Novice: 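After the structure tokens below, expect a handful of questions from me.
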There are 2 protein chains.
Amino acid sequence: MKSDKVLYHAEMVNKEGLPGRSYVKGQGELNVPVSSPLKPQQGANPEQFVGLALATCLNATLQAIEKQRGFEHKSQVQVGVDMMYDTHGYQFMVDGQVLIPDQPRKIAEEMLAEAETRCPVAKLLQGSANVHVHVVDVFDFATAVDS
Amino acid sequence: MKSDKVLYHAEMVNKEGLPGRSYVKGQGELNVPVSSPLKPQQGANPEQFVGLALATCLNATLQAIEKQRGFEHKSQVQVGVDMMYDTHGYQFMVDGQVLIPDQPRKIAEEMLAEAETRCPVAKLLQGSANVHVHVVDVFDFATAVDS
């Protein structure tokens, strides 16, 4: 049931590069300082935006699936993003962790599998070998900054 | 020259789903209300986060390439994200537009091609048929909300 109908359209801008500002066009929309995470200036960065996109989208999709199954909303999503060198430039490793309290692991994994077929951000990222999304019993990001 | 060294690590969270808040762990980091763009509540959304990630990352990469070529920083990136129905759930169409004033089209396209091999967000998204990134002479998003 594909459709060409555009339900929502947004435009996001960066002019200065880093450091600078990135913003969503339109009054009252997000407009934030951005900086390189490798520099001392405060600011958001692409790592954070990627993680916010996946955490928000995947948890909203899980919330819809909980509702359809008659479950109370309990799912939570945390996303870790690691910045590393790559053959050219940098690469991000994305670790999406899904916690659904009170659901057996098997049900939680079924719900996540369904969410991955419905969540637009998960679909945008699913072609990348750097992205892993999985059910956890406790949030746990083994990777700390290796400095 | 791949390396396992983690240069930066960030963790992003969504608990409530939509509406709710999404945030980056750590004091002083981004913490914003989020809502469905199809609902009247104000808030950021995954569409905006995806666009901010690509606009910021790609323009920062272009800025680095300008510097290496001895050019003044003039590049700008705007990203349009359209939300549409998909076979299951929704899908996002991502239109990344790159403007490099004063550079001939050929040079601008070479710079973008190089940026796409270096920018981590472009690399995360490059497996998706829904993502298009291109050089423009003027920013122009033909798609408006079809309501």
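Predicted model only: the values in this text are computed from it and were never measured. Atoms considered below: every heavy atom in the structure, side chains included; atoms not considered: hydrogens, waters and symmetry mates.
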Novice: Does any heavy atom of chain B fall under 4.5 Å from the side chain of A/Leu52, the backbone, both, or neither of them?
Specialist: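 For A/Leu52, heavy atoms of backbone and side chain both lie under 4.5 Å from chain B.
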Novice: Using a heavy-atom cutoff of under 4.5 Å, enumerate the residues of residues 62-80 of chain B that contact chain A, numbered in order, or state 'none'.
Specialist: B/Gln63, B/His73, B/Ser75, B/Gln76, B/Val77, B/Gln78, B/Val79, B/Gly80
Novice: Between A/Asp86 and B/Arg118, is there a salt bridge with N-O shorter than 4.0 Å?
Specialist: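 No, B/Arg118 and A/Asp86 are not salt-bridged.
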Novice: Yes or no on side-chain hydrogen bond (donor to acceptor under 3.5 Å, both in side chains) for A/Glu29 and A/Asn31, after CA distance, side-chain angles and deciding distance?
Specialist: CA-CA 6 Å; A/Glu29 302 289 354; A/Asn31 183 329; over 6 Å; no
Novice: Hey, is the main chain of A/Tyr85 close enough, under 3.5 Å, to the side chain of A/Gln91 for a donor-acceptor pair?
Specialist: yes
Novice: Top residue by heavy-atom pair count (under 4.5 Å) with chain A, among B/Met12, B/Arg21, B/Lys15?
Specialist: B/Met12
Novice: Please confirm whether the backbone N or O of A/Thr117 pairs with a side-chain atom of A/Lys123, one donor and one acceptor, at under 3.5 Å?
Specialist: yes
Novice: Would you mind telling me which of B/Ala53, B/Gly28, B/Cys119 has the largest number of heavy-atom pairs within less than 4.5 Å of chain A?
Specialist: B/Ala53
Novice: Flag the one option from B/Glu114, B/Gln48, B/Gln97 with the top tally of heavy-atom pairs under 4.5 Å to chain A.
Specialist: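 So the answer, after comparing B/Glu114, B/Gln48, B/Gln97, is B/Gln48.
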Novice: Determine whether B/Val131 and B/Phe92 satisfy the following criterion, side chain to side chain contact (heavy atoms under 4.5 Å, CB included), listing intermediate values before the conclusion.
Specialist: CA-CA 9 Å; B/Val131 178; B/Phe92 293 167; over 6 Å; no
Novice: Please walk me through it: do B/Met84 and A/Asp4 pass side chain to side chain contact (heavy atoms under 4.5 Å, CB included)?
Specialist: CA-CA 7 Å; B/Met84 302 168 76; A/Asp4 286 340; 4.2 Å; yes
Novice: By a 4.5 Å heavy-atom criterion (distance strictly below it), what part of B/Asn45 contacts chain A: side chain, backbone, both, or neither?
Specialist: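 Just the side chain, heavy atoms under 4.5 Å.
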Novice: Identify which part of B/Gln42 has an atom lying under 4.5 Å from any heavy atom of chain A, answering side chain, backbone, both or neither.
Specialist: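 When you check distances to chain A, only side chain atoms of B/Gln42 fall under 4.5 Å.
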Novice: Could you see if B/Leu99 belongs to whatever hydrophobic cluster contains B/Val133? Use Ile, Leu, Val, Met, Phe, Trp, Tyr and a side-chain cutoff under 4.5 Å.
Specialist: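 No.
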Novice: Side chain from CB out, backbone as N, CA, C, O: work out which of these in B/Leu18 comes under 4.5 Å of a heavy atom of chain A, or both, or neither.
Specialist: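 Backbone plus side chain of B/Leu18, per the 4.5 Å heavy-atom cut-off to chain A.
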Novice: Does A/His88 NE2 have over 12 foreign heavy atoms under 6.0 Å away?
Specialist: no
Novice: Give the C-alpha distance, both sets of side-chain angles, the deciding distance and a yes or no for side chain to side chain contact (heavy atoms under 4.5 Å, CB included) between B/Val135 and B/Met111.
Specialist: CA-CA 10 Å; B/Val135 171; B/Met111 291 169 70; over 6 Å; no
Novice: Is B/Ile107 reachable from B/Val98 through a run of I, L, V, M, F, W or Y residues, each pair having side-chain heavy atoms under 4.5 Å apart?
Specialist: yes
Novice: Could you look at B/Tyr23 and say if it's the side chain, the backbone, both or neither that has a heavy atom under 4.5 Å from chain A?
Specialist: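 Backbone of B/Tyr23 only, per the 4.5 Å heavy-atom cut-off to chain A.
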Novice: Taking every heavy-atom pair that is under 4.5 Å apart, which of B/Ala129, B/Cys57, B/Gly127, B/Ala115 has the most such pairs with chain A?
Specialist: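 Greatest number of close heavy-atom pairs with chain A: B/Cys57.
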Novice: Can you tell which of B/Asn130, B/Val50, B/Val94, B/Leu124 has the highest number of heavy-atom pairs within less than 4.5 Å of chain A?
Specialist: B/Leu124
Novice: Among A/Met93, A/Glu16, A/Gln126, A/Lys25, which residue has the highest count of heavy-atom pairs closer than 4.5 Å to chain B?
Specialist: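 Answer, by heavy-atom pair count under 4.5 Å with chain B: A/Glu16.
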Novice: Using non-hydrogen atoms and a 4.5 Å limit, figure out which bit of B/Val13 sits close to chain A: side chain, backbone, both or neither.
Specialist: both
Novice: For the residue pair A/His132 and A/Asp95, confirm or rule out a side-chain donor-acceptor distance under 3.5 Å.
Specialist: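 No, A/Asp95 and A/His132 have no side-chain donor paired with an acceptor closer than 3.5 Å.
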Novice: Check each atom of B/Ala10 against the heavy atoms of chain A and say whether the ones under 4.5 Å are side chain, backbone, both or neither.
Specialist: both
Novice: Relative to chain B, which segment of A/Val81 carries a heavy atom at a distance below 4.5 Å: side chain, backbone, both, or neither?
Specialist: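 The answer is both parts of A/Val81.
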Novice: Establish whether A/Val34 and A/Leu38 are linked, either directly or via other cluster members, by ILVMFWY side-chain heavy-atom contacts under 4.5 Å.
Specialist: yes
Novice: Taking a hydrophobic cluster as the set of Ile, Leu, Val, Met, Phe, Trp and Tyr residues connected by side-chain heavy atoms closer than 4.5 Å, whether directly or through intermediates, do A/Ile100 and A/Val136 fall within one such cluster?
Specialist: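 No: no chain of side-chain contacts under 4.5 Å links A/Ile100 to A/Val136.
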